[in-house]
Amino acid sequence: MSVSNGRQFLSIPGPTTVPDAVLSAMHRPAVDIRKGELVDITNRLKEDLKMITRSSGTPFIYIANGHGAWEAALTNVLSRGDKVLVLESGSFAVGWGDAGNMLGLNIEVLPGTYHEAVDPALLEARLRADTKGEIKAVLVVQVDTASSVMNDISALRRAIDNAGHGALFMVDTIASLGTMDYRMDDWGVDVTVAACQKGLMMSPGVSFVVAGDKALECHKSANLRTAYWDWTARQASEHYRSYAGTPPVHHLFGLQKSFDMIRSEGLEAIFERHRLLAGATRAAVSKWSEAGELSFNIPAPEQRANSVTTVLLRNGDLIPAIHDYCLEKCGLVIGLGIAVLSGKALRIAHMGHLNAPMMLGTLGTLEMSFRALGVPHGEGGVQAAIGFLADNVPH
Ligand SMILES: *Cc1c(COP(=O)(O)O)cnc(C)c1O
């Protein structure tokens, strides 16, 4: 017995659903890579990146997933042996730091938990203690996709300023860009890292780095630079050089369409839609949690991300059954806990190309799996999600 049919519905925190309009935009022959339309698309995409990061900085486009952009960011501004402070709030900033470790950086992790945002006071204290200015960069994620915590980037910037410290401030926005407010210039971020397959609604394979002035200055003396990631080489006038080789032609067609969609919906409307669909998810999870089996991984409501919700299960043995039931019986791909939450959590993504029927369908399918499998849960989670949306979306 199965009620699965048609396409798999992705409720994982990346890759996310690619809109049909974006898929269609890629269904065409390739064009000249030297001049004409593709060069215009590259130039427009760079403007789109500045728009969505609210930055006047310099964007770079990489044929790589987010892990590639991490490496691009580090190698362009740092030198072998430099000390780098990683702010832990889940697994992603730490993963970025691990990449730096293999590059020969001296990584120090400011320990955090998987259950709360980075405390700006701890950052300030650590930087104040660095009286010799040994720390060259601070790495953090805006949203950690493992824990589903949201860090307060502007508060972390203030902590760096309060300490009077000159470290570069480098932020991974892969799980947040296009789902919530981000202000690279206003918040004094020196390097922003992003990727195309989450809030930006594209199929995976392209990622981005936006460099501020201070980062471009550090670039001049960085000795970790390599041919492929190098910003100087990529700033040459020839279009081909800005990709260090052949451009990702069809990805560029797709990205152009996804940014058309982002511009026509408008950033504020997109952020509001994410706030509402995340709110519906949290309403359901709150209800489900009443039976004591399920709970929010992030206890403080104001620290919960609008792009993904990590839900803990007391009995981790239930998780594979829930996952498989959703997938095999219903065609829903639900996210699993990763890193220290592997085998302990489910993740419900609510980022990118998503509307109320998709969200309510995901929540309804999950609740259906709880019932079918006998997972203890408070009744009426979906009803609560509907109530939240009806109350917040007036006619
Ligand atoms: C998904 C994600 C990454 C990794 O991106 P890949 O494209 O899988 O390499 C890095 N950081 C954050 C915050 C993410 O959500």
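Residue numbers start at 1 and run along the sequence shown. Just so it is clear, the model here is predicted, and its values are computed rather than measured. Atoms within a ligand are numbered from 1 in the order they appear, just like the ligands themselves.
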Looking only at protein heavy atoms, identify the closest one to [atom] and say how far it is in Å.
atom: atom 6 (P) of ligand 1; answer: G66 N, 3.3 Å
atom: atom 11 (N) of ligand 1; answer: D172 OD2, 2.7 Å
atom: atom 9 (O) of ligand 1; answer: H67 ND1, 2.5 Å
atom: atom 14 (C) of ligand 1; answer: K198 NZ, 3.0 Å

| field | contact_flag Q142 ligand 1 heavy-atom lt 4.0 Å | value |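 Outside the 4.0 Å threshold, so no.
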| Do any heavy atoms of V143 fall under 4.0 Å from ligand 1? |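 The answer is yes, since V143 has a heavy atom less than 4.0 Å from ligand 1.
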| said: Quick check on contacts: which atoms of ligand 1 are under 4.0 angstrom from a heavy atom of T145? | reply: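 So the answer, numbered in order with elements, is 12 (C), 13 (C), 14 (C), 15 (O).
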| Just which atoms of ligand 1 are under 4.0 Å from any heavy atom in W70? |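 Result: 10 (C), 11 (N).
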Could [X] and [Y] be called an ion pair, given the rule that one side-chain N must be under 4.0 Å from one carboxylate O?
X: R282; Y: E302; value: no
X: R183; Y: D181; value: yes
X: D260; Y: R44; value: yes
X: R34; Y: E238; value: no

| query | Strictly under 6.0 Å, is that where the ring centroids of F253 and H250 end up? | reply |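 Here the rings of H250 and F253 have centres that are less than 6.0 Å from each other.
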| query | Are W187 and Y182 an aromatic pair by the rule of ring centers under 6.0 Å? | reply |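 Ring centroids of W187 and Y182 are less than 6.0 Å from each other.
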